*Asks:* 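I have a structure here, written as structure tokens, and I will follow up with some questions on it.
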Amino acid sequence: MSESAQYDDAVRTFSGVGVSAGRVIGAVKRMPDPVAPPADGAPIADGMSIEEESERLKQATQAVAATLKERASKATGDAAAVLKATALMASDRSLLKSATKLVASGTSAESALWEAADAVATQLAALGGYMAERATDVLDVRSRIVAELRGVPAPGIPDADEPFVLWAVDLAPADTATLDPAKVLALVTSDGGPQSHTAIIARSLGLPAIVAATETTALVDGDVVFVDGINGEVVRNPGEAEALLAEAYASRVELPAFDGDGRLADGHLVPLLSNVGSGEDAVAAAEAGAQGVGLLRTEFCFLGRDKEPGHDEQVAAYKAVFDAFGGRKVVVRTLDAGADKPLPFLTDDSEPNPALGVRGYRCDTATPGVLGRQLAAIAEAAESSEADVWTMAPMISTPAEAARFAAMCAEAGLKTPGVMVEVPSAAVLARQLTAEVDFASIGTNDLTQYTMAADRQLGALAELNDPWQPAVLHLIKATADGGAAAGGDGSPKPVGVCGEAAADPALAVVLVGLGVATLSMNRRALPAVAAILKTVSMDDARRIATLALEAGSAAEAKAHVRAELPDLDRFGL
């Protein structure tokens, strides 16, 4: 037996983190090799002037930005937002200015752009956390511009006559956003985490996906693999057992369309809302049956701007969302700037740890006025709409902050103030916190990373950065219990979940059992969550939630819960 064959037998099964359900078998196709770097300081080609080389660089940058913008215009939801952000980075003036300076010293456009982007990426990586994740985006844009300068195809998803399993170290946002489920059977990456762009968009497309499968670097083009996005396993040269699982998944019962009525088997109402980031998103969510909006990400008005958007512009943007849900609840999150969403007119990009810095609600203490102006715009849009508008602030940590935000909402004329619970202090003091406002919504993505002290973008920490972690579930229960006890007249303050955890049908049952009143998710998750909730009563949900709370690990919690929900396998979830 050859050495390579022995290796194949020894490493047949690879483990990672399943981030999107599904079980399929297919041939591997690896992402193409990255664009080769130009020589350091390579001079401008003979016959080209500095002015001509500078213009060539400018045109290549504009071409890449235009291509990404065009893709964004054809995408929706998370994919559109990712592509828009990447397009803005491609046309970043500071990057182009730095590269142009190098061209002026006689360096070729390719070398100048490569060096300038490398400097930016190094600065971002040194900041750590969310900013380090943006370094990958800069390097992706760099490769695209250099490919444009060379007149070669940009790096991207490979093509094939037959559907395939895509393998990559990780995917750049622009690549992830253009995944075609008709061509890609499943997605496997050796890096990345449960809340990376790759994971979020794979879930939104319903594409089986596994991240942080470090040993899958051994896979080569043509390897036949079984991908189990439920258990997070990749099996090379699958056998009969894997074939039967894939066959069962292929013949799964089709999910019924969501009828717009989220309920348990005993009739207990659990409104299923949608997370949206624009008026277009809101219209699509309403058409999908969402019972309202549980999270309106208002950053879409602010990102990529050199200055704060004007009052009228904000009013029009918010009203487009409100009008899509006339008469129904729309929960607006005020600006969550900072960390992975820096704004040049608001945030300080020199912070040593942006994820723990001036972010969300805290921005108003550093730059007073921006929150008040946003609340005024939300109030005017709400006044001219029939939607039931609720407003919450992100990154609230203390009851005093909650009280101040409630007062600001009252001053603006907004009737239903609330807070996001994303940090452990807010969960621990949930009763005192929710006593100051009318509701709370749990952002499980951030609550998980702050509870486990694990950057949600780091593949090496993917096991920790899992909302199934019992410690996170205990804090969710503490928040729900605090809300239930906060009403002075005996009436509870409702607590919802708007993080990615709500889109997991099994975890949705646990959340309801822990006392969560509403769930908000990507619209594509609505049918799956609704179908599974309809299979349990409230007593069932509470019993199942207790199993998760008593587990010693995320994997154990998930296994115990899934064993109680046989319809997950029936629907292939």
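Keep in mind that this is a model prediction, so the values were computed, not measured.
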*Asks:* Which heavy atom in T451 sits nearest to a heavy atom in A471, and how many Å separate them?
*Replies:* CG2-CB, 4.2 Å
*Asks:* Answer yes or no: is there an ion pair linking R523 with E287, defined by an N-O contact shorter than 4.0 Å?
*Replies:* no
*Asks:* Using a distance-only test with no angle check, is there a side-chain donor-acceptor pair under 3.5 angstrom linking Q449 and D446?
*Replies:* yes
*Asks:* Taking all non-hydrogen atoms of both residues into account, name the closest pair between V423 and I396 and its distance.
*Replies:* CG2-O, 3.7 Å
*Asks:* How close do F322 and I378 get, heavy atom to heavy atom, and via which atoms?
*Replies:* CE1-O, 3.9 Å
*Asks:* Output the distance between atom NZ (K415) and atom SG (C409), rounded to the nearest 0.5 Å.
*Replies:* 13.5 Å
*Asks:* Walk me through it: do H268 and V270 pass the test side chain to side chain contact (heavy atoms under 4.5 Å, CB included)?
*Replies:* CA-CA 7 Å; H268 183 90; V270 182; 3.8 Å; yes
*Asks:* Is there side-chain contact between K558 and V561, with heavy atoms separated by less than 4.5 Å?
*Replies:* no
*Asks:* Any side-chain donor paired with an acceptor under 3.5 Å for T189 and D170?
*Replies:* no
*Asks:* Taking the side chain as every heavy atom from C-beta outward, state whether I442 and L475 have any atom pair closer than 4.5 Å.
*Replies:* no
*Asks:* Give a yes or no on whether K477 atom NZ has more than 12 heavy-atom contacts from other residues, nucleotides or ligands under 6.0 Å away.
*Replies:* no
*Asks:* Between CG of D466 and CD of E463, what distance do you get to the nearest 0.5 Å?
*Replies:* 8.5 Å
*Asks:* Between D438 and P417, is any pair of side-chain heavy atoms under 4.5 Å apart?
*Replies:* yes
*Asks:* May I have the step-by-step check of salt bridge (charged side-chain N to carboxylate O under 4.0 Å, His left out) for E436 and R404, ending in yes or no?
*Replies:* CA-CA 9 Å; E436 302 291 348; R404 178 175 179 266; over 6 Å; no
*Asks:* Side chains of Q374 and T298: any donor to acceptor distance under 3.5 Å?
*Replies:* yes
*Asks:* Run the side chain to side chain contact (heavy atoms under 4.5 Å, CB included) check on D504 and W468 step by step: do they pass?
*Replies:* CA-CA 10 Å; D504 180 336; W468 281 95; 3.1 Å; yes
*Asks:* Run the side chain to side chain contact (heavy atoms under 4.5 Å, CB included) test on T535 and L264 for me, step by step, so that the C-alpha distance in whole Å, both residues' side-chain angles and the decisive distance to 0.1 Å come before the verdict.
*Replies:* CA-CA 7 Å; T535 68; L264 302 185; over 6 Å; no
*Asks:* Check for a donor-acceptor pair, side chain of E401 on one end and backbone N or O of S397 on the other, with a separation under 3.5 Å.
*Replies:* yes
*Asks:* So, applying side chain to side chain contact (heavy atoms under 4.5 Å, CB included) with N275, which one of D281, L295, V293 is it?
*Replies:* L295
*Asks:* I'd like to know if the side chain of K319 reaches the main chain of A382, judged simply by a donor and an acceptor atom lying under 3.5 Å from each other, with no hydrogens or angles considered.
*Replies:* no
*Asks:* Search all heavy atoms of L375 against all heavy atoms of T334 and return the closest pair with its distance.
*Replies:* CD2-CG2, 3.9 Å
*Asks:* Counting C-beta onward and ignoring hydrogens, is there a side-chain heavy-atom pair between E500 and R203 closer than 4.5 Å?
*Replies:* yes
*Asks:* Roughly how far, to the nearest 0.5 Å, is OH of Y450 from OG of S425?
*Replies:* 11.0 Å
*Asks:* Evaluate the side-chain proximity of L296 to V331: yes if any heavy-atom separation is below 4.5 Å, no if none is.
*Replies:* no
*Asks:* At their closest point, which heavy atom of S441 faces which heavy atom of G294, and how far apart are they?
*Replies:* OG-O, 4.5 Å
*Asks:* With distance as the sole test, does S520 use its side chain to make a donor-acceptor pair with the main-chain N or O of S274 at under 3.5 Å?
*Replies:* yes
*Asks:* Could you grab the distance from atom CZ of R263 to atom CG of L269, nearest 0.5 Å is fine?
*Replies:* 5.0 Å
*Asks:* Do V211 and D191 pass the side chain to side chain contact (heavy atoms under 4.5 Å, CB included) test, and can you show the C-alpha distance, the side-chain angles, and the key distance before you say yes or no?
*Replies:* CA-CA 6 Å; V211 300; D191 290 0; over 6 Å; no
*Asks:* Would you name the heavy atoms of A265 and S537 that are closest together and state the gap between them?
*Replies:* CB-N, 4.2 Å
*Asks:* Is there a side-chain contact between V315 and E380 (heavy atoms, below 4.5 Å)?
*Replies:* yes
*Asks:* Judged by atom type as modelled, is there a donor-acceptor pair below 3.5 Å linking the side chain of E422 to the main-chain atoms of P394?
*Replies:* no
*Asks:* CG/L507 to CD1/I544 distance, rounded to the nearest 0.5 angstrom?
*Replies:* 12.0 Å
*Asks:* Can you give the donor-acceptor pairs under 3.5 Å from side chains of residues 564-573 to other protein atoms, not counting sequence neighbours?
*Replies:*
{"from": "E564", "atom 1": "OE1", "to": "R543", "atom 2": "NH1", "distance (Å)": "2.9"}
{"from": "D567", "atom 1": "OD1", "to": "R570", "atom 2": "NE", "distance (Å)": "2.6"}
{"from": "D567", "atom 1": "OD1", "to": "R570", "atom 2": "NH2", "distance (Å)": "2.8"}

*Asks:* Do L272 and L533 have side chains that get closer than 4.5 Å, going by heavy atoms?
*Replies:* yes
*Asks:* Do D388 and K329 meet the salt-bridge criterion of a basic N to acidic O distance under 4.0 Å?
*Replies:* no
*Asks:* Distance from R297 atom CZ to L335 atom CG, nearest 0.5 Å?
*Replies:* 14.0 Å
*Asks:* When you compare the side chain of M521 with that of L526, does any pair of heavy atoms fall below 4.5 Å?
*Replies:* yes
*Asks:* Counting N and O atoms only, with roles assigned by atom type, does the side chain of S384 sit under 3.5 Å from a partner on the main chain of A381, one being a donor and the other an acceptor?
*Replies:* yes
*Asks:* Just by distance, no angles: are the side chains of H560 and E550 close enough, under 3.5 Å, to form a donor-acceptor pair?
*Replies:* no
*Asks:* Which residues satisfy the ring pair (Phe, Tyr, Trp, His ring centres under 6.0 Å) test with F439, sequence neighbours excluded?
*Replies:* W390
*Asks:* Check residues 250-258 and write down every donor-acceptor pair under 3.5 Å in which the side-chain atom is one partner and the other belongs to a residue at least two apart or another chain.
*Replies:*
{"from": "S251", "atom 1": "OG", "to": "E247", "atom 2": "O", "distance (Å)": "2.9"}
{"from": "S251", "atom 1": "OG", "to": "A248", "atom 2": "O", "distance (Å)": "3.3"}
{"from": "R252", "atom 1": "NH1", "to": "Y249", "atom 2": "O", "distance (Å)": "2.8"}

